[in-house]
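Just below is one structure, and these are the notes that go with it.
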Amino acid sequence: MKASSSPVKTAMAHELRRAGFKARATNWYKHGPDALLVVNLQKSLYGPQYYINLAIWVKQLGEAETPKEYQCHIRVRATSLPTDKAEALGRALNLKDESMNSEQREAFIAEFMREEAIPLLESLGTWEGIRAAVDAGKLKKGLVYREVEALLRQQATPK
């Protein structure tokens, strides 16, 4: 099954467009005041599973218009977010899972994007949001580059 015809991509694309993200291949981008927000849809090479990767490019660390998710300074899988919906999202992203039909799958993914992923990403568009997410442990299962951690320490130090 192609990514372009999947209920996963359909649900994601609709919600991301509504939130002002612009698509480019399997990535979506939106500028925040201090960071570029990136969403990537990754298809498994081994079966009909998908992964939603969320990422942040920190503008203070360099300019980029359309970085790949793996090039970003902050990265986390949507299924690793600290939410009680993460496990169900994993099932929804596995097209072999028969516990939901295509319509239910699409509705669940759209709701997750609208209520969990997009609000988190938009909050990470500012330094205050990045700091709050790091402090609250929302990114503890993700990757935060050392350079971002160093900038956060610098900004916390009184001048």
Practice item. Verify the cluster assignment for Ile130 and Val39: are they in a single hydrophobic cluster under the rule of side-chain heavy atoms below 4.5 Å apart? Key: yes

Exercise for review: Share the residues that join Met100 in a hydrophobic cluster, the rule being Ile, Leu, Val, Met, Phe, Trp or Tyr side chains under 4.5 Å apart at the heavy-atom level.
Suggested key: none

Review point. Between Thr66 and Asn27, is any pair of side-chain heavy atoms under 4.5 Å apart?
Key: no

**Study point:** Test item: His31 and Lys59 side chains (from C-beta on) under 4.5 Å apart, heavy atoms
**Key:** yes

Check your understanding: Do any pairs count as a side-chain hydrogen bond (donor to acceptor under 3.5 Å, both in side chains) and have a residue in residues 132-149, sequence neighbours left out, and if so which ones?
Key -> none

Exercise for review: Drop me the distance from Trp28's CH2 to Ile118's CD1, to the nearest 0.5 angstrom.
Suggested key: 10.5 Å

Study note, to complete from the structure: OG of Ser80 to CD1 of Ile52, rounded to nearest 0.5 Å, is 12.0 Å

**Study point:** From Asp34 atom CG to Trp57 atom CH2, the distance as rounded to the nearest 0.5 Å
**Key:** 15.0 Å

Review point. If Ile, Leu, Val, Met, Phe, Trp and Tyr residues are connected whenever their side-chain heavy atoms lie under 4.5 Å apart, and connections chain through other members, are Met113 and Tyr51 in the same group?
Key: no

Check your understanding: Do Trp127 and Pro33 come close enough that some side-chain heavy atom pair is under 4.5 Å?
Key -> no

Exercise for review: Answer with yes or no whether the hydrophobic clustering places Leu93 together with Leu95; edges join I, L, V, M, F, W, Y residues whose side-chain heavy atoms lie under 4.5 Å apart.
Suggested key: yes

Check your understanding: When you check the gap from the basic side-chain N to the acidic O, do Glu128 and Arg131 get nearer than 4.0 Å?
Key -> no

Check your understanding: How many angstroms lie between CZ in Arg17 and CE in Met12, if you round to the nearest 0.5 Å?
Key -> 11.0 Å

Review point. Taking the six-membered ring of Tyr50 as reference, does the NZ or CZ atom of Lys43 fall below 6.0 Å from its centre and within a 45° cone about the axis?
Key: yes

Exercise for review: Could you go through the side chain to side chain contact (heavy atoms under 4.5 Å, CB included) check for Glu111 and Lys85 one step at a time?
Suggested key: CA-CA 10 Å; Glu111 177 184 315; Lys85 296 179 182 175; 3.2 Å; yes

Review point. Should Val76 and Leu36 be regarded as members of a common hydrophobic cluster, given that ILVMFWY residues are connected when their side-chain heavy atoms come within less than 4.5 Å of each other, either directly or indirectly?
Key: no

**Study point:** Side chains of Lys22 and Lys30 in contact at under 4.5 Å (non-hydrogen atoms)
**Key:** no

Review point. When rounded to the nearest 0.5 angstrom, what is the spacing between SG in Cys72 and CG in Leu143?
Key: 10.5 Å

Exercise for review: With the side chain counted from C-beta on, respond yes when Phe21 and Leu121 share a heavy-atom pair under 4.5 Å apart, and no when they do not.
Suggested key: yes

**Study point:** salt bridge (Lys or Arg N to Asp or Glu O under 4.0 Å) between Arg91 and Glu87, intermediate numbers included
**Key:** CA-CA 7 Å; Arg91 288 192 306 275; Glu87 186 177 323; 3.5 Å; yes

Point to revise | From CG (Leu54) to CG (Leu120), nearest 0.5 Å | key: 7.0 Å

Review point. Is the number of heavy atoms from other residues, nucleotides or ligands under 6.0 Å of Lys68 NZ greater than 12?
Key: no

Check your understanding: Quick one: does Thr83's side chain get under 4.5 Å of Phe112's, heavy atoms only?
Key -> yes

Point to revise | Side chains of Ile56 and Val38 in contact at under 4.5 Å (non-hydrogen atoms) | key: no

Check your understanding: Tyr29 side chain to Pro67 main-chain N or O, any donor-acceptor pair under 3.5 Å?
Key -> yes

Check your understanding: Side chain of Arg105, backbone of Asp97: donor and acceptor closer than 3.5 Å?
Key -> yes

Practice item. Indicate yes or no: at least one non-hydrogen side-chain atom of Leu139 is less than 4.5 angstrom from one of Arg75. Key: no

